[in-house]
Amino acid sequence: MTGAKNSVLKLMAAALLAEGTTTLTDVPDILDVSIMSEVLRRLGCTVERGPGTVAISVPEVLGHEADYDLVRRMRASIAVLGPLVARCGEAKVALPGGDAIGSRGLDFHIAGLTKLGATVESEHGYLIARAARLTGAPVWLDFPSVGATENLLMAGVLAKGTTTIDNAAREPEIVDLCEFLVEMGAQIGGIGTSTLEVEGVERLAPVVSHATVPDRIVAGTYAVAAVMTQGDVLVRHGRAAHLEIALDKLVSAGATVDLEADGFRVRMDRRPTSVDVVTLPYPGFPTDLQPMVLALNAVAEGTAMITENVFEARWMFVNELSRLGADVRTDGHHAVVRGRPRLAGAPVRAHDIRAGAALVLAGLVAEGTTEVGDVHHVDRGYQDFVASLTRLGADVRRETVPEDPF
Ligand code: UD1
């Protein structure tokens, strides 16, 4: 199990807060890390990748602009907004496009930074935030947004005075970011709770070595794969405590989950029973595992209701899954999945990272061959996906197809 994509990208952005060299370990070898490396290079940093590591050298004087050509490829680039305004007094970040999963506004980021004294404008496709020095303030979020919590944390650590973030997100990746910021010299109370108290400091120091928290979504993907294929998978370095509800759902579906010295093991010896799932911010069922559990229900015995509360339009992949014969109906936030004894392979397309991974899992149990197109999305979040599945006994190949002339 590698470090979490959703953590390492923010740790890389947070490194901007201190001049000098920060080294991160347990860094996954995925496309998004390359994109974030390029974002940082264009800001003036030197970024060196080693096997599982990234060393970021941050100069005294930083650039403050993140261009559209990178931000549109990876929405998480928005994480440089908070650190840049805190460190440079100004940030100009292109408005992201990102995954095709709902509207994903930035209003909480903007409202929060404004409360900390920044002026934020949007102009010609860019978000521009300015503040000579941010000042701490109480901020509350209408929804515990992961990205907004992170940007406000990274802005608050160098602000003058105290920032409290109420209704903060408390995903394990936020805890990892808080711990990293504390290693840099930040003062943060309430880590892991929904009220974060940040006492601003004058300056932060780089971190010699910080290990990225393991990726719970990748771990969860292999766990679901084990259940769907009626297999036996040991998820090394997987932290079961970060997947409590998700693993509990797999047990309800009929799986056996055992904690091991260094990870957990998931076994399944029969067709899964359908399970209802409601996505919610952590510690609720993660929205990023919703496509996988939907795919699982597509081959389960019985009917399941899936409720998506985090992203409004995360059903795009349902059309693709239907091409494999899945029986799914969606209405607003809900999807009703009637399990079928079998799916049938067909060509399908990945619209985002998680949908892509879920389609691969569906392909593993579909009769015949499933061809998943646009797998570059999967490369954004899964290191060696094909090799790992092959090691587990799956028949998966990566193929380059000739470019579509139309
Ligand atoms: C992060 C994760 C993503 C995960 C999501 C929820 C990264 C790189 N991505 O995305 O994989 O699915 O958390 O766990 O870490 N919202 C607003 N206004 C805002 C901010 C958010 O309305 O200013 C809404 C979004 O449209 C969405 C919801 O809040 O409906 C959750 O978004 P958020 O938690 O911010 O997700 P991200 O940080 O984008």
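Everything quoted here is computed from the prediction, not taken from an experiment. We count ligands from 1, going down the list as the structure has it; atoms in each ligand are counted the same way. If you read the sequence from its start, that first residue is 1, and numbering goes on from there.
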Exercise. What residues form a side-chain contact (heavy atoms from CB on, under 4.5 Å) with Glu244, not counting sequence neighbours?
Worked result: none
For this session: From the options Lys10, Glu150, Glu173, select the one whose nearest heavy atom is closest to atom 15 (O) of ligand 1.
Result: Lys10
Exercise. Can you check whether Thr287 has an N/O within less than 3.5 Å of an N/O in ligand 1?
Worked result: no
Exercise. Nearest heavy atom to atom 21 (C) of ligand 1: which of Ala169, Gly105, Ala76, Gly381 does it belong to?
Worked result: Gly105
Exercise. Under 4.5 Å between any side-chain heavy atoms of Arg87 and Glu19, yes or no?
Worked result: yes
For this session: Step through the shown structure and confirm whether more than 12 heavy atoms of other residues, nucleotides or ligands are within 6.0 Å of CG on Asp331.
Result: no
Exercise. Counting each atom of ligand 1 from 1 as listed, which ones have a heavy atom of Gly147 under 4.0 Å away?
Worked result: 35 (O), 38 (O)
Exercise. Is the shortest side-chain N to carboxylate O distance from Asp29 to Arg49 below 4.0 Å?
Worked result: yes
For this session: Answer with yes or no whether the side chains of Asn167 and Ser194 bring together a donor and an acceptor at under 3.5 Å.
Result: no
For this session: Check Leu106 against ligand 1 and report side chain, backbone, both or neither, counting heavy atoms closer than 4.0 Å.
Result: backbone
Problem set entry | Residue portion contacting ligand 1 (non-hydrogen atoms closer than 4.0 Å) for Asp107 | both
Exercise. When you measure from atom 33 (P) of ligand 1 to each heavy atom in Leu280, Val146, Asp32, which option holds the nearest one?
Worked result: Val146
For this session: Tell me, yes or no, whether the heavy-atom count around Arg329 atom CZ, taken from other residues, nucleotides or ligands under 6.0 Å, exceeds 12.
Result: no
For this session: Measure from atom 17 (C) of ligand 1 to every heavy atom in Phe311, Phe108, Tyr282, Phe143 and give the option owning the shortest one.
Result: Phe108
Exercise. Which bit of Val310 gets closer than 4.0 Å to ligand 1, counting heavy atoms only: side chain, backbone, both or neither?
Worked result: both
For this session: Pick one of side chain, backbone, both or neither for how Arg75 approaches ligand 1, counting any non-hydrogen atom pair under 4.0 Å.
Result: side chain
Seminar exercise, completed: With sequence neighbours left out, the residues meeting ring pair (Phe, Tyr, Trp, His ring centres under 6.0 Å) with Phe180 are His210
